[in-house]
Amino acid sequence: MDAPWRQVAAGRGRARGRATAVPLSGNGVPLGGAGGGRAKGSGGAVSSGPGLRGAAALAPAGRGQRSAGGEAPQPPGARGEDGSELMSQKKFEEIKKSNQAAARKLLEEHCSSSSEEEGDDDFEGKQGKIVANTFTTYTTHTDGDIHELERTKQYLNEAFQAGAMTCLICIASVKRNQAVWSCSGCFCIFHMPCIQKWAKDSQFLVSSVTDDDFGKKDYPWPCPKCRFEYKRSETPSRYYCYCGKVEDPPLDPWLVPHSCGQVCEREFKPSCGHKCLLLCHPGPCPPCPKMVTTTCYCKKAKPIPRRCSAKQWSCQLPCGRKLLCGHHKCENPCHAGNCQPCPRVSRQKCVCGKKVAERSCASPVWHCDQVCGKTLPCGNHTCEQVCHVGACGECPRSGKRSCPCQKSKFSLPCTEDVPTCGDSCDKILECGIHRCSQRCHRGPCETCRQEVEKQCRCGKHTKRMPCHKPYLCETKCVKMRDCQKHQCRRKCCPGNCPPCDQNCGRTLGCRNHKCPSVCHRGSCYPCPETVDVKCNCGNAKVTVPCGRERTTRPPKCKELCSRPPTCHHASQEKHRCHFGPCPPCHQPCQKVLEKCGHLCPESCHDQALVKQTGRHQPSGPWEQPAEPAFIQTALPCPPCQVPIPVECLGKHEVSPLPCHAVGPYSCKRLCGRMLRCQNHTCMKECHKVTEVDGSTGKNKAGPECLHCEEGCSKSRPAGCPHPCVLPCHPGKCPPCVQMLRIKCHCKITSLYVECRKITTADVSEKNLLSCCKNQCPKELPCGHRCKEMCHPGECPFNCNQKVKLRCPCKRIKRELPCNKIRENQVSVECDAMCKEVKRKASEIKEAEANAALEEEKRRQQAELEAFENRLKGRRKKSRKRDEVAVELSPWQKYKSYLLPACAVVVAVLMWYIFHGVD
């Protein structure tokens with residue numbers, strides 16, 4: 001028979017987040033009650049774990065079976081494309097539902113597990129609040145004293161700590177949402193299905209030892225840990241909280257796991273009449289915190305109020321009770337129970353009174369080693385008893401005595417021996433079958449020597465041999481011993497094969513130890529060992545059942561790491577105890593740099609992670625690239641970065657440079673030193689300059705600076721367009737002697753003047769130099785030429801030239817000064833003849849207008865007649881376009897000649913009139 005934890009945890013590996021099978025009864029029916037039906041996440045039907053996701057959905061329906069949707073499968077010939085798509089869709093939906101159910105279950109187990117890794121700060125705070133709430137009702141009676149709660153607090157911490165609550169049967173963690181049972185002796189917690197299976201197997205093994213009473217007696221079953229025995233009727237079938245009030249306690253994250261949250265109210269042990277005041281909790285109840293009034297052990301002191309759990313107390317006064325010796329009193333301080341034996345020593349006689357010895361007063365009765373030797377009442381013999389109390393009694397040879405065979409009795413004095421009677425002995429011999437055939441004799445009977453047909457002990461063989469000799473055949477028993485694993489192999493076994501004496505040796509559930517018991521049936525008891533899971537330094541530890549040390553997270557240690565530093569520092573940075581290598585050292589390196597003597601300020605780099613180079617390169621895209629490997633190595637100190645003030649080559653600035661880069665450097669600025677020309681500066685980038693003639697000035701150019709090769713760029717005098725004929729030089733430029741070509745004021749004549757005369761002359765001199773000495777060619781506003789000599793600016797407006805002035809009709813004219821006419825001081829009016837000429841000219845114009853009007857009327861009349869002729873209905877074939885023959889008048893024929901002739905006549909006439917008048 002397999003071990004219960006193997007049967008319970010079948011298919012789960014090491015009980016990691018899989019469904020737990022429900023223990024079955026003999027007929028295969030699940031054990032009833034909340035224990036089998038409500039094992040949250042572990043009882044009930046076995047659900048598919050993550051490893052079995054969609055297994056049922058992926059299994060194809062067999063021939064003749066119905067599919068998951070309940071439809072009978074169609075023949076292959078009748079199933080078309082629609083049927084295939086429908087089946088594929090159904091399978092997809094089944095797999096989808098199965099995966100969703102598995103995901104939900106996995107999420108619930110992950111969220112509800114007591115071994116899940118929650119945030120350390122949040123989890124510790126939450127745990128502290130729950131523990132404080134659990135102890136509230138107790139601490140109100142103890143004024144906050146929780147000294148007596150250490151053992152209960154340990155159980156509560158184990159209920160919260162990951163991996164601390166472990167079922168010893170299946171060696172799996174006990175989760176918050178699983179049904180459990182707690183032993184009332186050791187308070188160990190087991191899964192409900194596991195303990196039900198354990199109880200059933202234990203009773204079956206005990207009752208199957210003998211076939212006669214199989215299943216008839218009520219055999220107890222033990223706790224797997226403490227071996228506390230329970231009756232068959234006490235087999236758990238319901239899931240209760242720790243205090244036993246609430247069945248199927250709900251899962252509450254703000255309560256102790258598997259607790260109902262109510263006041264415990266269990267009787268204290270030992271019973272004192274009070275009940276537990278804590279909230280429903282695992283483990284034993286703490287000592288009673290009630291206050292009672294009680295006296296001391298010796299009843300001498302006055303009663304005082306004390307805790308009920310510590311109501312027995314000593315007043316420390318001498319006890320004073322009389323000891324068992326009857327002579328002395330108890331001198332010990334007030335104590336509980338009976339007084340100790342008297343410690344004094346006194347001389348005491350033995351029982352018979354022959355010897356006196358110094359012995360402890362607590363044991364006054366003692367026996368010496370001498371024979372009594374008193375004369376018996378017969379007067380012939382003495383008492384042969386060793387030192388005894390009371391009378392020696394009658395002589396053992398007095399009264400009626402029997403012969404050796406016990407058939408005859410004689411009354412003889414005690415000094416005579418009883419004779420033999422002469423009859424046969426007839427005592428049953430050692431064989432238990434035959435009787436002694438000798439005559440009555442003293443001493444033991446001889447060995448039975450009769451030959452009989454004897455059957456061996458196992459009943460398989462017979463042989464004739466002396467009765468006193470046992471007959472054991474050489475046949476070895478082939479029956480199985482009670483372990484049902486090994487044969488008896490005892491020679492001539494009568495059938496009551498002894499228990500198996502071999503060692504069990506099976507590996508226990510912890511996978512670390514083997515069963516030390518003798519070979520037995522059924523599952524081995526859980527490993528009784530416990531293992532301390534310690535931190536790296538060993539100061540913090542948590543005790544877990546053997547087998548759980550591999551999955552239990554080590555406790556947090558608050559001690560500092562004591563490992564020696566792996567770098568060159570004398571001590572490492574302070575950090576808490578941990579496993580694995582210490583974190584990288586972040587202390588300043590502080591090594592003395594060889595080149596400059598400064599201390600390295602960088603973080604410690606004795607164990608820096610460096611990517612390993614030169615590893616195997618993939619031969620092609622089909623080969624997966626290897627992950628980069630990092631090795632720890634000591635890196636050299638980086639270049640010194642201490643700032644050192646250094647002046648640049650051109651002495652422009654003093655900049656702080658890193659110590660490793662100290663040396664002549666260029667600031668990248670322009671040199672800026674004044675060249676010898678005193679006009680330009682050196683345009684080289686900052687460079688080294690050699691001081692000349694002991695000069696220490698920073699602005700004087702040296703031999704390394706540029707030599708000025710440019711022309712003079714000094715500003716010229718105003719008006720001088722010529723550059724300086726000298727190269728770039730210090731001081732003032734020489735006067736310009738070049739001839740400058742300029743225009744005179746009238747802009748006609750070109751004059752040549754020395755440039756320096758122009759640039760140094762004032763305004764009046766410049767006007768004289770720019771004068772050509774000719775008449776000004778400019779026209780005045782009146783249209784006449786200026787009479788002045790070449791001059792600057794505008795001409796003066798004083799024209800005196802004679803100008804002819806005419807009347808409005810242009811017939812009369814007069815000569816007058818131009819300036820008077822411009823000032824409107826003189827005017828010429830028309831006379832009577834002028835008016836007559838105007839009248840005649842107007843009459844000529846009117847005659848021309850009338851002649852033109854008449855000509856227009858004739859043309860219109862001709863066009864009208866032509867239009868009427870076209871409307872008279874001529875044949876279309878012989879119709880021709882009418883041509884209007886208009887006879888031109890003499891005026892129309894010759895007006896093109898007459899008009900110019902008239903104009904010439906009028907002009908001549910007008911000229912004659914004006915000139916004739918003058």
Side-chain angles (χ1 to χ4, degrees), residues 593-598 601 637-745 747 749-770 792:
L593 301 178
E594 296 180 358
K595 294 183 178 180
C596 61
H598 293 120
C637 293
C640 182
Q641 299 293 333
V642 175
I644 303 296
V646 179
E647 190 175 27
C648 67
L649 292 171
K651 300 182 179 181
H652 301 107
E653 64 177 17
V654 176
S655 297
L657 294 183
C659 181
H660 73 278
V662 169
Y665 80 99
S666 171
C667 64
K668 304 301 179 182
R669 298 179 184 177
L670 296 179
C671 176
R673 290 176 177 260
M674 185 63 66
L675 300 178
R676 293 179 179 179
C677 67
Q678 301 296 320
N679 298 322
H680 300 96
T681 57
C682 180
M683 300 303 292
K684 272 187 177 182
E685 192 179 86
C686 179
H687 59 90
K688 183 179 180 182
V689 179
T690 303
E691 303 293 343
V692 181
D693 299 333
S695 176
T696 58
K698 293 185 178 181
N699 294 326
K700 189 173 183 180
E704 295 84 2
C705 293
L706 291 175
H707 297 283
C708 185
E709 296 178 355
E710 298 182 6
C712 180
S713 59
K714 292 182 179 180
S715 60
R716 305 299 292 165
C720 179
H722 308 105
C724 182
V725 294
L726 299 178
C728 189
H729 59 87
K732 295 182 179 181
C733 296
C736 182
V737 295
Q738 294 191 28
M739 299 302 290
L740 183 65
R741 180 182 179 183
I742 61 174
K743 290 285 186 179
C744 65
H745 297 301
K747 307 299 181 184
T749 305
S750 296
L751 304 176
Y752 290 91
V753 184
E754 288 186 2
C755 183
R756 60 181 178 177
K757 293 181 179 181
I758 292 292
T759 55
T760 58
D762 56 7
V763 177
S764 59
E765 291 178 353
K766 284 183 179 181
N767 290 337
L768 291 175
L769 291 174
S770 299

Handout entry: Main-chain N/O of Cys671 paired to His652 side chain as donor or acceptor, under 3.5 Å
Key = yes

Practice task
Report yes or no: does Asn679 contribute a side-chain atom to a donor-acceptor pair with the main-chain N or O of His729 at less than 3.5 Å?
Solution key: yes

Handout entry: Contacts of Lys595 that satisfy salt bridge (charged side-chain N to carboxylate O under 4.0 Å, His left out) - sequence neighbours left out
Key = none

Practice task
State which residues pass side chain to side chain contact (heavy atoms under 4.5 Å, CB included) with Pro734; sequence neighbours excluded, sorted by chain then number.
Solution key: Cys724, Leu726

Exercise for the section: Take atom NZ of Lys684 as the centre, draw a 6.0 Å sphere, and report whether it contains more than 12 heavy atoms from other residues, nucleotides or ligands. Expected result: yes

If you look only at distance, which donor and acceptor atoms sit under 3.5 Å apart when one is on a side chain in residues 701-708 and the other is two or more places apart or in another chain?
unit_1: Glu704; atom_1: OE1; unit_2: Thr690; atom_2: N; d: 2.9
unit_1: Glu704; atom_1: OE2; unit_2: Thr690; atom_2: OG1; d: 2.5

Handout entry: Set of residues satisfying side chain to side chain contact (heavy atoms under 4.5 Å, CB included) with respect to Pro601, sequence neighbours excluded
Key = none

Problem - Heavy-atom check, side chain of Leu751 versus side chain of Leu769, under 4.5 Å - result: no

Completion exercise
Applying side-chain hydrogen bond (donor to acceptor under 3.5 Å, both in side chains) to Arg716 and not counting sequence neighbours gives none

Practice task
Check whether more than 12 heavy atoms from other residues, nucleotides or ligands sit under 6.0 Å from atom CE of Met683, and answer yes or no.
Solution key: no

Completion exercise
salt bridge (charged side-chain N to carboxylate O under 4.0 Å, His left out) filter on Glu765, not counting sequence neighbours, yields none

Fill in the blank from the handout: Residue set satisfying side-chain hydrogen bond (donor to acceptor under 3.5 Å, both in side chains) with Glu754, at least two apart, ordered chain then number -> Arg756

Exercise for the section: Kindly indicate, with the supporting measurements, whether the criterion side-chain contact (heavy atoms from CB on, under 4.5 Å) is fulfilled by Tyr752 and Leu740. Expected result: CA-CA 5 Å; Tyr752 290 91; Leu740 183 65; over 6 Å; no

Handout entry: Sequence neighbours excluded - salt bridge (Lys or Arg N to Asp or Glu O under 4.0 Å) pairs with any residue from residues 727-742
Key = none

Handout entry: Beyond-backbone contact of Ser713 with His680, side-chain heavy atoms, under 4.5 angstrom
Key = yes

Handout entry: Any Pro735 side-chain heavy atom under 4.5 Å of Pro717 side chain
Key = no

Exercise for the section: Output the distance between atom SG (Cys682) and atom CE (Met674), rounded to the nearest 0.5 Å. Expected result: 11.5 Å

Handout entry: Residues which pass side chain to side chain contact (heavy atoms under 4.5 Å, CB included) with Lys747, listed by chain and number, not counting sequence neighbours
Key = Lys743

Exercise for the section: Name all residues meeting the side chain to side chain contact (heavy atoms under 4.5 Å, CB included) criterion together with Ser770; count only those two or more places apart in sequence or in a different chain, and write none if there are none. Expected result: Ile742, His745

Problem - Cys712 side chain reached by Pro727 side chain, heavy atoms, under 4.5 Å - result: no

Exercise for the section: For Glu653, check salt bridge (charged side-chain N to carboxylate O under 4.0 Å, His left out) against everything at least two apart and list the hits. Expected result: Arg669

Completion exercise
Residues at least two apart in sequence or cross-chain that pass side-chain hydrogen bond (donor to acceptor under 3.5 Å, both in side chains) with Ser764, listed by chain then number, are Asp762

Practice task
Quick one: pull up CD1 in Ile644 and NE2 in His660 and give me the separation to the nearest 0.5 Å.
Solution key: 12.0 Å

Exercise for the section: Measure the CD-SG distance between Gln678 and Cys728 for me, rounded to the nearest 0.5 Å. Expected result: 9.5 Å

Problem - side-chain contact (heavy atoms from CB on, under 4.5 Å) between Tyr665 and Leu649, intermediate numbers included - result: CA-CA 6 Å; Tyr665 80 99; Leu649 292 171; 5.9 Å; no

Practice task
Look up atom NE2 in His687 and atom CZ in Arg673, then write down how far apart they are to the nearest 0.5 Å.
Solution key: 7.5 Å

